[in-house]
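First up is the structure itself, then whatever we jot down about it.
Only this structure's heavy atoms are used, side chains among them; waters, hydrogens and symmetry mates stay out. The sequence lines fix the lettering, A, B, ..., with proteins before strands; numbering per chain opens at 1. Predicted, not measured: the structure shown is a model, and the values here were computed from it.
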There are 2 protein chains.
Amino acid sequence: MKKRARLKDIAELTGFSTNTVSLALHHSPLVAAETSAAIWTVARQLKYRPNQLARSLVNQQSKTIGLVLTNIQNPILTRAAEAIQKALLGHRYATLFATSNHSLEQEKLAIETFLGRQVDGLLVYPTHHGEIAHIVEAQEQGTPVVLLSGGRDASIDAVAIDSRVGAQRATEHLLSLGHRRIGVIDIAPALGNFEKQDGYRDALKAHGIALDRELIVEAGRTGLGEGYAAAGVLLGLGAPPTAILAANDLAAIGAIHRLDEMGISVPKDMSVVGFDNIDLAAHVRPPLTTVSYDADLLASRAVERLLRLIEADVAVETQHQVEFVEPELIVRNSTARPKG
Amino acid sequence: MKKRARLKDIAELTGFSTNTVSLALHHSPLVAAETSAAIWTVARQLKYRPNQLARSLVNQQSKTIGLVLTNIQNPILTRAAEAIQKALLGHRYATLFATSNHSLEQEKLAIETFLGRQVDGLLVYPTHHGEIAHIVEAQEQGTPVVLLSGGRDASIDAVAIDSRVGAQRATEHLLSLGHRRIGVIDIAPALGNFEKQDGYRDALKAHGIALDRELIVEAGRTGLGEGYAAAGVLLGLGAPPTAILAANDLAAIGAIHRLDEMGISVPKDMSVVGFDNIDLAAHVRPPLTTVSYDADLLASRAVERLLRLIEADVAVETQHQVEFVEPELIVRNSTARPKG
DNA sequence: ACTGCCGGTATTAACGTTCCTACGTAGCGC
DNA sequence: GCGCTACGTAGGAACGTTAATACCGGCAGT
């Protein structure tokens with residue numbers, strides 16, 4: 001295997017010391033112009049590319065951050081991932097990437113791997129909003145962390161959308177249309193992610209409607225298949241709902257598919273609200289009423305926050321804050337007044 | 001900022017040399033059992049985590065590979081990305097990730113960044129199947145590369161699905177239903193990705209049907225919006241097609257949305273075939289006839305191939321091969337005989 | 001008693017950088 | 001002609017790890 005060019009190679013060819021070569025390649029004003037020119041010429045010939053690892057070792061920073069997501073089937077997460085990676089590359093940071101697949105073990109493994117590679121910071125969409133001890137530990141050991149979701153407790157910085165308010169507004173919308181029995185398709189709060197259900201309860205309470213736990217269907221994740229299955233469950237109830245609030249658009253689309261199969265028309269016979277406003281939401285039939293937010297904004301805020309933490313070098317002592325991105329309800333055609 | 005524990009710290013605390021510590025932590029049989037035990041105890045107390053960068057520097061391998069995709073809006077790519085990352089982590093490799101966003105510049109930047117970080121290999125879904133000189137160069141400089149797409153020329157190894165055959169089968173299906181004017185929504189072949197159109201032509205030729213260039217609508221990428229727009233174009237033709245072949249499922253869904261708006265029923269008035277068989281394909285209305293292939297298989301094959309190249313350390317001299325994953329047509333309800 | 005070996009540990013150099021300090025030469029003023 | 005400064009370049013250590021080699025004491029064999 002051909003070896004890559006090193007400073008030393010350039011040094012030997014030009015007759016200068018590696019140190020001078022290093023300075024020249026950094027455009028240091030200390031080296032004479034012609035020296036610099038000669039060095040650059042040779043460097044280009046050899047296709048010299050600095051070894052970032054060696055650099056990291058002495059600089060004590062890898063210019064790399066780690067991104068851990070639960071999965072990237074959900075388009076809104078992929079979109080965030082893409083935006084994050086792009087924003088980081090703009091700041092000359094590389095992105096190490098891993099998916100936890102909703103498994104705490106895999107999440108820990110990924111974080112461990114990243115820390116071993118001396119990432120300068122971590123961006124994590126945690127599997128379980130409650131179990132973040134391992135993340136806190138990484139932070140305490142000196143690696144800044146920003147979570148991409150989370151409640152209002154602040155042992156770690158977070159930039160997230162306000163799911164609670166989003167869910168509350170979506171429920172509000174259904175209530176204002178006249179719905180009184182509203183089904184929910186959500187991730188199991190055993191995973192600690194109860195913001196959306198809290199928003200749902202908030203809205204019900206404001207209207208003096210009692211919570212019927214039967215109307216809440218939970219699964220380990222919320223994808224197309226889960227939405228499809230959950231819709232079946234809700235329809236099988238003695239008193240089925242007249243509207244469904246899904247934790248994300250994919251679950252909503254899955255649910256609509258099932259309703260369609262059962263001959264139930266959306267929105268005539270049943271209203272459905274999604275969450276995330278993925279591109280697809282506008283293109284399915286019927287176009288989905290959903291909770292929208294700016295994923296790119298979320299990504300860039302999270303990146304900025306993380307970079308600030310890295311620069312400040314105060315991962316630990318800082319007062320952690322949770323920053324929310326405002327959700328907005330987009331009303332399309334999957335919701336209407338209840339029949340009768 | 002707290003400093004992370006190093007071998008030297010453990011050495012000082014235990015009284016042994018750093019070398020002995022290193023050996024002990026590697027479970028070397030050379031060190032006495034009690035020495036090893038003492039070292040391990042202290043290591044755990046200090047939460048010692050080896051610095052993989054330092055290790056990489058001396059071992060001359062980073063145990064990291066770089067993954068470059070065009071974008072991850074297309075679910076099939078995200079799925080591959082996830083599978084790839086998982087497979088790599090299983091082999092104790094970390095994944096550096098970047099999206100080129102269909103821009104050659106960004107692709108180059110990403111690869112440059114990765115090479116600087118001494119990745120042991122690259123997995124690239126190239127922006128442009130024709131312009132891969134920069135990728136070949138990386139390979140020539142000693143970094144193994146496996147492409148995730150590509151034609152039959154083999155200056156670089158590739159594991160890809162046989163798009164040509166896939167498109168040919170899809171077209172075949174439409175022809176056998178009786179369609180004679182089949183529209184195509186594809187990415188602009190200016191980007192060098194003409195496999196699908198070639199498959200389409202193959203099928204037409206086999207049936208002795210002349211190619212009508214008017215029926216081929218091209219765009220810079222193939223997403224929902226592009227499908228939506230392209231359907232409009234096809235319908236505006238003097239002699240519109242009776243069926244549409246879309247380069248991927250998202251484009252197909254976008255197209256169906258447009259057809260729906262125009263009051264054209266799928267599959268009664270118009271058949272539509274997608275490509276990729278994303279999860280969604282089964283959940284939209286009507287369920288999509290599409291070309292399916294095993295993305296996970298593709299991912300694991302690509303990873304295996306790359307790891308083999310890395311181990312063999314023969315990035316350059318090896319005879320490069322393109323390995324195809326077979327596509328399969330899944331017939332659902334978006335295709336039917338033409339009217340009348 | 002000397003050699004040889006062996007288990008256990010230490011020493012040293014190396015990986016490719018960067019940073020700090022040192023060195024040499026030339027020009028300048030006195 | 002002496003020291004001073006300025007400029008350009010070189011040397012060395014350091015980052016945290018691994019690998020090759022060196023060392024050292026004790027025991028067995030002759």
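Dashed line: the shortest gap from a side-chain N or O of Thr20(A) to OP1 or OP2 of dA10(D) is under 4.0 Å. Look at Gln52(A) and you won't find any side-chain N or O under 4.0 angstrom from OP1 or OP2 of dG16(C). Taking only side-chain nitrogens and oxygens, Thr35(A) comes nearer than 4.0 Å to OP1 or OP2 of dT9(D).
When heavy atoms are screened at a 4.0 angstrom cut-off, Ser56(B) is found touching no nucleic acid atom at all. Among the heavy atoms of the strands, none lies under 4.0 Å from Thr18(A). Nucleic acid contact class of Gly15(B) (heavy atoms, under 4.0 Å, all strands): sugar-phosphate only.
Distances from the side chain of Ala32(B) to the nucleotides dT18(D), dG8(C), dG16(D) place dG8(C) closest. Checking dT17(D), dT18(C), dG16(C) against every side-chain atom of Ala54(B), the shortest atom distance belongs to dT17(D). Residue Pro50(B) has its side chain nearest to dT17(D) when only dT17(D), dA10(C), dT18(C) are considered. You'll find that the side chain of Leu57(B) is closest to dG16(C), out of dC15(D), dG16(C), dT18(D). For Leu23(A), taking side-chain heavy atoms from C-beta onward, the closest of the listed nucleotides dG8(C), dT17(C), dT9(D) is dT9(D). Side-chain proximity of Arg55(A) to dT18(C), dC15(C), dT18(D): nearest is dT18(C).
For the pair Tyr48(A) and Asp9(A), the minimum side-chain heavy-atom distance is 4.5 Å or more. You'll find the side chain of Trp40(B) reaches within 4.5 Å of the side chain of His27(B), heavy atoms only. Put simply, the side chain of Pro144(B) does not reach to within 4.5 Å of the side chain of Gln139(B), judged on heavy atoms.
Comparing Asn19(A) and Val58(B) along DNA chain D, the residue whose closest nucleotide (by nearest heavy atom) sits nearer the 5' end is Asn19(A).
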What verdict does the side-chain contact (heavy atoms from CB on, under 4.5 Å) test give for Ile72(A) and Phe97(A), after you've listed the backbone C-alpha separation in whole Å, the side-chain angles of each residue and the deciding distance to 0.1 Å?
CA-CA 11 Å; Ile72(A) 48 174; Phe97(A) 169 73; 3.9 Å; yes
